[in-house]
Amino acid sequence: MELILHKVCGQPAWQPVTLRRCTAAEAPAVYALQNEVHAAMPHPEWFVTDTLANITDYIANSLCIGVWQGSRLGAYLTLHYCGQQPGNYAAFLGVPPEEWSRWANADSAVVHPDWRGNGLQRKMLEAALPLLPEGITHLGATVCPDNPYSLNNALASGFTIRARREMYGGYDRYLLAKEL
């Protein structure tokens with residue numbers, strides 16, 4: 001799907017980009033963007049990074065949507081089909097284990113600072129929803145309560161705050177859910 005970036009580096013622009021599913025060969029680009037954005041964050045505790053192995057797994061066995069301009073990746077969203085794995089956010093929300101297979105984790109949404117302000121987090125989620133396997137009825141997510149950007153994007157995308165707890169080795173997080 002083609003999109004137009006209306007802002008680049010905070011300035012008006014009309015730049016075409018392509019929003020599409022990432023391939024396994026692109027896992028290193030996803031990993032590199034994650035690390036670049038994380039390194040530049042004024043509050044790095046707002047985002048817990050993932051390993052290249054996990055990102056590769058999400059691309060191969062779940063879903064990763066990227067926003068590309070030629071060979072440059074400027075944003076991505078990963079959704080993870082956790083099933084019965086204990087990391088399924090449904091587990092932390094008190095959902096009975098027999099229903100976990102109906103949930104997917106909205107694991108990461110990363111946008112390069114140059115491309116922020118274009119609504120890319122919401123657009124990537126909208127593009128991902130039709131690609132979810134049949135039977136997925138809910139998405140779970142976590143957001144740092146101090147991160148208004150991600151929290152506002154999640155709420156605007158239909159997620160609701162369901163709980164607050166420590167996650168990822170001691171980080172304060174909201175647990176959110178979205179019914180599909």
Side-chain angles (χ1 to χ4, degrees), residues 1-80 89 104-132 139-159 161 167-168 171-174 176 178:
M1 165 193 311
E2 283 230 339
L3 299 173
I4 300 293
L5 295 181
H6 297 284
K7 292 181 187 178
V8 176
C9 298
Q11 301 299 314
W14 289 90
Q15 292 191 8
V17 295
T18 303
L19 190 147
R20 63 170 172 77
R21 191 174 198 149
C22 295
T23 66
E26 294 165 334
V30 173
Y31 182 68
L33 178 61
Q34 168 201 257
N35 293 336
E36 177 185 355
V37 170
H38 187 258
M41 291 178 75
H43 302 283
E45 70 278 5
W46 286 0
F47 180 74
V48 177
T49 59
D50 226 325
T51 65
L52 177 58
N54 283 346
I55 289 170
T56 302
D57 179 64
Y58 300 155
I59 291 171
N61 299 309
S62 293
L63 182 60
C64 181
I65 299 291
V67 181
W68 299 84
Q69 187 174 49
S71 63
R72 179 185 182 203
L73 177 65
Y76 73 86
L77 168 77
T78 56
L79 298 178
H80 183 207
Y89 297 146
N105 286 0
D107 201 65
S108 294
V110 173
V111 179
H112 191 280
D114 290 352
W115 291 12
R116 291 183 183 149
N118 288 288
L120 293 177
Q121 284 189 19
R122 287 189 296 276
K123 290 174 183 168
M124 289 185 293
L125 181 60
E126 289 169 8
L129 293 179
L131 301 176
L132 290 172
L139 295 178
T142 63
V143 175
C144 176
D146 297 327
N147 184 343
Y149 311 105
S150 289
L151 180 58
N152 290 337
N153 272 308
L155 296 174
S157 294
F159 284 88
I161 298 170
M167 308 251 333
Y168 315 117
Y171 291 98
D172 185 24
R173 292 294 184 260
Y174 283 137
L176 301 100
K178 176 181 174 71

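In this chain, numbering begins with 1 at the start of the sequence shown.
Val17 has its side chain out of reach of Ile4: every pair of non-hydrogen atoms, C-beta onward, lies at least 4.5 Å apart. When side chains are defined from C-beta on, Asn153 counts as touching Arg122, because their heavy atoms get closer than 4.5 Å. Residues Gln121 and Val111 form a side-chain contact, since some pair of their non-hydrogen atoms from C-beta on lies under 4.5 Å apart. Tyr174 has its side chain out of reach of Thr142: every pair of non-hydrogen atoms, C-beta onward, lies at least 4.5 Å apart. With a 4.5 Å cut-off on side-chain heavy atoms, Ile65 and Tyr76 do not count as touching. Residues Cys144 and His43 have side chains not in contact (no heavy-atom distance under 4.5 Å, counting atoms from C-beta outward). Counting heavy atoms from C-beta on, the side chains of Ile161 and Val143 never come closer than 4.5 Å. At least one side-chain heavy atom of Leu132 sits under 4.5 Å from a side-chain heavy atom of Leu79.
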Next item on the list: Report the C-alpha separation of Leu176 and Leu155 in whole Å, then their side-chain angles, then the decisive distance to 0.1 Å, and conclude whether the side chain to side chain contact (heavy atoms under 4.5 Å, CB included) test is met.
Entry: CA-CA 9 Å; Leu176 301 100; Leu155 296 174; 4.3 Å; yes

Note to self: Please evaluate residues Cys9 and Trp115 with respect to the criterion side chain to side chain contact (heavy atoms under 4.5 Å, CB included), reporting the C-alpha separation (whole Å), side-chain torsions for both, the decisive distance (0.1 Å), and the verdict.
What the structure shows: CA-CA 6 Å; Cys9 298; Trp115 291 12; over 6 Å; no

Check: Which is it for Tyr171 and Trp46 under the side chain to side chain contact (heavy atoms under 4.5 Å, CB included) test, yes or no, and what are the steps along the way?
Finding: CA-CA 8 Å; Tyr171 291 98; Trp46 286 0; over 6 Å; no

Next item on the list: Report the C-alpha separation of Leu129 and Leu139 in whole Å, then their side-chain angles, then the decisive distance to 0.1 Å, and conclude whether the side chain to side chain contact (heavy atoms under 4.5 Å, CB included) test is met.
Entry: CA-CA 10 Å; Leu129 293 179; Leu139 295 178; 3.9 Å; yes

Next item on the list: Walk me through it: do Glu26 and Arg20 pass the test salt bridge (Lys or Arg N to Asp or Glu O under 4.0 Å)?
Entry: CA-CA 12 Å; Glu26 294 165 334; Arg20 63 170 172 77; 2.6 Å; yes

Item checked: Trace of the salt bridge (Lys or Arg N to Asp or Glu O under 4.0 Å) decision for Asp114 with Arg72 -> CA-CA 12 Å; Asp114 290 352; Arg72 179 185 182 203; 3.4 Å; yes

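Across every non-hydrogen atom of Pro16 and Gln69, the tightest pair is O-NE2, 3.5 Å. Smallest separation of non-hydrogen atoms from Ala75 and Leu33: N-CD2, 3.6 Å. Of all non-hydrogen atoms in Pro130 and Ala127, the two that sit nearest each other are CD-O, 3.4 Å. Between Met124 and Val110, the shortest heavy-atom distance links the atoms CE-O, 4.3 Å.
Side-chain N or O atoms of Gln34 include one that pairs as donor or acceptor with a backbone N or O of Asp50 at under 3.5 Å.
Residue His80 holds its NE2 atom at 11.0 Å from OG of Ser108, rounded to the nearest 0.5 Å. Distance check: Arg116 CZ to Leu5 CG gives 13.5 Å after rounding to the nearest 0.5 Å. With values rounded to the nearest 0.5 angstrom, Leu52 atom CG is found 9.0 Å from Asn35 atom CG. Here Asn147 contributes atom CG and Asn152 contributes atom CG; the two are 9.0 Å apart, rounded to the nearest 0.5 Å. Once rounded to the nearest 0.5 Å, the distance linking OG1 of Thr18 with CG of Leu73 reads 11.5 Å. Between the CD atom of Gln15 and the CG atom of Asn118 there is a distance of 9.5 Å, given to the nearest 0.5 Å.
Note on ring orientation: taking the six-membered ring where Trp is involved, the planes of Tyr89 and Tyr168 are perpendicular (angle over 60°, cut-offs 30° and 60°). Using a 30° and 60° split on the angle between ring planes, His6 and Trp14 fall in the perpendicular class, above 60°.
In summary, of the residues considered (Ser62, Cys64, Cys22), a side-chain contact (heavy atoms from CB on, under 4.5 Å) with Thr78 occurs for Cys64 alone.
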